[in-house]
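Taking it in order: structure first as structure tokens, then the write-up.
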Amino acid sequence: MPHILMSRLGVVTLLAASPAAAAAENPLLRPWSGPYGGVPPFDQVKVEHFQPALEAAMAEQLKEIDAIAADPAPPTFANTLAALERSGRTLDRATTAYGVYASTMSTPEFQAVEREMAPKLAAFQDKITQNEKLFARIAAVYEARERANLTPEQKRLAWLYHNNFVRAGAKLDVKAKARVAEINQRLAALYTQFSQNVLADETDYMLILDKPEDLAGLTESVRAAAAAAAESRGQAGKWAILNTRSSMEPFLTYSDRRDLREKVWRTYYGRGDNGDAKDNNAAITEILQLRAERAKLLGYPTHAHWRLENAMAKTPEKALQLLEAVWPAAVARVRQEVADMQAIADAEQKSRPQAGASMGSTAAKITLEPWDYRYYTEKVRKAKYDLNEDEIKPYLQLEKLREGMFWVAGELFGFAFKPVSGVPVVRPDVRVWEVTDKATGRHVGLWYFDPYARPGKRSGAWMNAYRTQEKFDGEVATIVSNNSNFVEGKPGEPILISWDDAETLFHEFGHALHGLSSNVSYPSLAGTAVARDYVEFPSQLLEHWLSTPEVLNRFALHHQTGTPMPQALVERIERAANFNQGFVTVEYLASALVDLKLHLAGSQKIDPDAFERETLAALGMPREIVMRHRTPHFTHVFAGDGYSAGYYSYLWSDTLTADAWEAFTEGQGAWDKEVAKRLREHVFTVGNTVDPADAYRAFRGRDAGIGALMRKRGFPEPPAAAAAPAPQTN
Ligand SMILES: [Zn+2]
């Protein structure tokens with residue numbers, strides 16, 4: 001649903017039944033108090049607060065909406081759109097805490113609340129978008145926008161509201177509206193079930209190892225993490241390989257035990273697909289059918305057409321064109337990678353004495369399977385680039401890299417970071433920094449950092465805005481957070497992370513900077529509230545500063561000696577920059593293509609496993625690779641509408657990222673002040689007040705082609721690179 005309806009701060013004056021009493025008992029209903037314009041009361045929130053708070057806050061916003069809709073004065077921007085921006089503040093605060101619990105504190109009792117509330121929140125959204133009197137006022141303001149002396153930002157907001165309401169079905173007849181609302185409630189329940197099933201499979205399945213020989217090949221840090229994981233699950237003295245990406249990837253990279261690699265691989269890629277109570281296949285079939293039916297009701301050929309209309313790509317065909325332009329080069333690179341790995345595997349077999357084999361004969365070749373890819377990739381990396389993770393990791397201390405990100409933000413954005421205490425957090429290991437403008441001292445916002453894995457926290461890394469920036473009723477500073485799943489070390493011991501994790505850290509910080517830089521009037525247009533296929537551009541761009549010599553020399557310091565990463569190692573990392581891009585690109589593209597094709601398939605009844613298998617076969621998917629997210633656990637796509645038919649967005653954004661980075665390298669380099677200024681002015685500060693294609697053109701002076709993307713990944717440019725599909729809109 002449009003994020004626009006979910007994000008306002010407000011006053012608790014419209015509650016009918018003893019509002020003061022309810023608010024006094026329930027911290028979620030009170031305005032945020034404390035410093036920095038108020039902060040979320042995470043120290044007071046209990047799970048039992050959520051349901052009553054959400055119910056009361058929804059009722060409050062419906063009253064506000066009714067008052068706007070029933071205004072006897074003719075509709076104006078001020079009495080309709082500005083009033084809408086002002087509404088729903090209590091709900092906004094309550095759903096912020098609700099979202100934090102859903103993603104980081106998801107206990108069984110909270111999950112029960114979620115199952116209860118998800119359909120109710122969906123129904124609430126539809127009550128607003130289907131309010132005819134309200135929509136008539138929005139339409140009137142929108143139609144009069146050129147005559148009404150509005151600012152460009154106000155015109156954009158009028159377009160956004162009108163567009164979001166129409167796309168949600170505001171123009172449908174009563175019967176169709178009722179069906180859309182029914183579908184949305186059912187979908188909300190299915191999305192909740194889908195994500196809870198995946199979380200259960202990630203929590204409940206694990207591989208417990210109890211013999212030292214089961215650990216063959218694993219590095220010290222992988223062994224230590226597995227031992228700690230086992231101990232915290234009541235299995236002290238053993239080793240636990242958890243069913244999460246951060247446990248699976250290092251195990252598949254280092255374990256010499258091919259049988260155990262296969263086991264870990266099958267468990268991980270079988271999430272949601274085990275034919276048990278947590279199996280997601282039936283839910284997927286139903287989600288796809290409901291989405292197809294809803295798209296038809298809303299007047300679109302498919303769900304993909306509905307979703308992409310508002311994105312930079314505009315149509316699924318354009319998104320597919322981009323994915324398919326990159327696919328052949330990526331597959332060709334996989335063939336080379338497999339050949340390199342096969343050569344190493346064959347040489348290993350030759351040198352390994354085989355029981356029963358006659359003298360002089362060589363052992364049977366192994367055929368590379370998906371659970372072998374990461375293992376042999378690591379061996380090729382060593383052979384080709386003399387580079388291994390073990391050599392890099394001692395220089396990548398989590399806290400030093402965080403300081404490095406702050407330093408980058410200081411150089412490029414003029415921000416300063418100062419740790420603050422006394423701000424309530426959900427867990428004692430969450431920390432908070434105040435962000436200010438280095439030059440003026442002006443308060444910019446707060447940055448919360450929740451770095452560690454724990455039960456009930458979803459895997460991966462993400463950014464979240466607890467409060468968005470706005471200034472139409474006075475300055476409101478933003479509050480953003482970065483979340484990740486590092487394994488907490490022993491007290492006082494530095495946490496060492498992989499190069500990939502360091503890039504992810506910078507990526508999520510890029511989203512945070514996008515939020516912190518926001519300088520707009522209206523909250524619905526602020527920060528990261530931009531098109532889905534544009535939002536990954538600022539975050540991906542920030543990843544580039546990790547590998548600059550300035551950052552590595554200052555912040556990639558050896559955890560024991562404190563010396564910076566040696567120049568020779570930096571150079572080897574640089575030389576290996578395009579290494580393994582075949583694997584990375586193909587596992588991603590396969591997921592993006594299946595996502596789009598599932599949502600272009602219309603209302604047929606889809607068997608997800610069969611559809612996945614047949615689609616990949618038709619694409620010519622290399623048998624050595626599996627989709628990065630298989631359909632039964634593709635939470636981007638089935639835990640909500642957000643990235644549905646939208647997983648392509650990462651590549652779309654990356655065409656912009658690669659092209660934007662070349663603006664720096666064509667200029668004075670990574671720290672070019674002029675380019676950084678243009679980037680802030682046209683990309684980071686404007687939120688959704690400008691069409692993203694126009695914003696990009698203002699920054700770069702032209703549209704992006706795919707040439708820079710292909711160069712970044714080390715792929716040959718297609719002959720017609722200049723004319724190839726690129727993120728352009730009219
Ligand atoms: Zn991102």
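Both backbone and side-chain heavy atoms feed into the values below; hydrogens, waters and symmetry mates do not. One-based numbering, in listed order, for ligands and for the atoms of each.
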### Task
Assess whether atom NZ of Lys400 is packed by more than 12 heavy atoms of other residues, nucleotides or ligands within 6.0 Å.
no

### Summary
Separation between CZ (Phe555) and CG (Leu546), nearest 0.5 Å, reads 11.5 Å

### Query
So, Phe537 versus Trp652, ring centres under 6.0 angstrom or not?
no

### Query
ring pair (Phe, Tyr, Trp, His ring centres under 6.0 Å) between Phe634 and Tyr643: does it pass, once the steps are laid out?
CA-CA 10 Å; Phe634 206 165; Tyr643 277 89; 9.4 Å; no

### Summary
Checked the Zn ion (ligand 1): protein N, O or S atoms closer than 2.8 Å come out as His507 NE2, His511 NE2, Glu536 OE1

### Task
Examine the side chains of Asn483 and Tyr448 and answer whether a donor and an acceptor come within less than 3.5 Å of each other.
no

### Query
Under 4.5 Å between any side-chain heavy atoms of Tyr588 and Leu593, yes or no?
no

